[in-house]
Amino acid sequence: MLDRAALSRDAVELAPELLGALLTHSTSEGDVTVRLTEVEAYRGTGEDPGSHAHRGMTPRTAVMFGEPGHLYAYFTYGMHTCVNIVCSPAGPASALLLRAGEIVDGVELARSRRPSAVSDRDLARGPARLASALGIPLAENGADLFSEPFALLASDAAPDVASGPRVGVSGAGGGAAYPWRFWIPGDPTVSVYRRHARSHD
DNA sequence: GCTGCGATTGACT
DNA sequence: GTCAATCGCAGCT
């Protein structure tokens with residue numbers, strides 16, 4: 001199991017190591033475990049205009065500035081929840097957005113939470129889908145990943161890692177300037193995401 | 001206090 | 001491929 005010290009590092013350094021890690025969320029309905037296949041790194045302050053914490057700490061982003069190993073869950077587009085793991089020592093507000101994963105345990109439960117998923121690989125392919133499949137509500141923003149109902153297990157074998165531009169980050173934070181998206185090449189649960197639906201060339 | 005927009009998804013043409 | 005849904009936050013008046 002990863003410990004908190006292992007997460008107390010810069011998001012960009014840590015991201016490749018979290019690929020392949022297993023994240024479990026337990027509820028009264030049962031457990032769901034995902035193997036992380038795609039993440040994005042965000043640095044909260046200064047240099048990273050794509051980060052929610054770019055303009056400094058707000059009530060919303062306070063969790064990102066706190067202790068590593070906590071969950072930063074946020075609500076967006078009026079209907080979706082996305083989940084981050086806070087990393088780095090307190091201060092820089094680095095975080096890793098969990099973009100996609102493969103359900104390795106609790107597939108039936110995950111499928112019941114995501115009735116619109118056509119195939120199993122769609123269950124956690126996408127940040128909001130992953131949060132939904134794991135059953136993580138917005139209310140668990142700030143929760144500690146190193147205590148119930150969460151568990152985080154490092155990958156036993158380091159997978160191949162690819163990196164590239166982040167997805168869905170508009171404006172100066174997007175594009176090749178910040179190639180902080182990391183994924184496991186060839187994994188079917190990692191999609192080539194379309195550009196942001198509202199963006200425009 | 002008011003307005004615009006977002007680290008997206010799912011439905012429809 | 002294109003587009004609406006939907007609401008909290010951040011920034012401005």
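Quick note on labels: first sequence line is chain A, next is B, and so on, each numbered from 1. Just the heavy atoms: all of them, side chains too, but no hydrogens, waters or symmetry mates, feed the values below.
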Donor-acceptor list for residues 78-88 of chain A side chains, cut-off 3.5 Å, not counting sequence neighbours:
unit_1	atom_1	unit_2	atom_2	d
A:N84	ND2	A:Y72	O	3.2
A:S88	OG	A:S94	N	3.4

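B:dG6 has A:Y77 stacked on its base ring, the centres lying under 5.5 angstrom apart and the planes within 30 degrees of parallel.
When base pairs are accepted only as Watson-Crick or G-U wobble with both N-N or N-O distances under 3.5 Å, DNA chain C takes part in stems of 3 or more pairs at B:1-6 with C:7-12, B:8-12 with C:1-5.
Residue pairs meeting the ring-ring contact (aromatic ring centres under 6.0 Å, His included) criterion with at least one partner in residues 85-111 of chain A, sequence neighbours excluded, are absent. Within the structure, salt bridge (Lys or Arg N to Asp or Glu O under 4.0 Å) pairs that include any residue of residues 136-146 of chain A comprise A:R4-A:D144 (at least two apart or interchain). The ring-ring contact (aromatic ring centres under 6.0 Å, His included) contacts involving residues 20-40 of chain A comprise A:H25-A:F150, where partners must be two or more places apart or lie in separate chains.
Considering only residues two or more places apart in sequence or on other chains, A:E108 meets the side-chain hydrogen bond (donor to acceptor under 3.5 Å, both in side chains) condition with A:R111. In terms of the ring-ring contact (aromatic ring centres under 6.0 Å, His included) criterion, A:F65 has no residue partners (sequence neighbours excluded). Contacts of A:R113 classified as side-chain hydrogen bond (donor to acceptor under 3.5 Å, both in side chains), with partners at least two apart in sequence or in another chain: A:T27, A:E29. Listed by chain and number, the residues in a side-chain hydrogen bond (donor to acceptor under 3.5 Å, both in side chains) with A:S163 amount to none (sequence neighbours excluded). Not a single ring-ring contact (aromatic ring centres under 6.0 Å, His included) links A:W183 to another residue, sequence neighbours left out.
Near DNA chain B, defined here as any heavy-atom distance below 4.0 Å, there are no residues from residues 10-22 of chain A. A heavy-atom distance below 4.0 Å to DNA chain B is reached by these residues of residues 60-69 of chain A, ordered by number: A:M64.
Under the 3.5 Å distance criterion, the side-chain polar atoms of A:R166 are matched with a main-chain donor or acceptor of A:A41.
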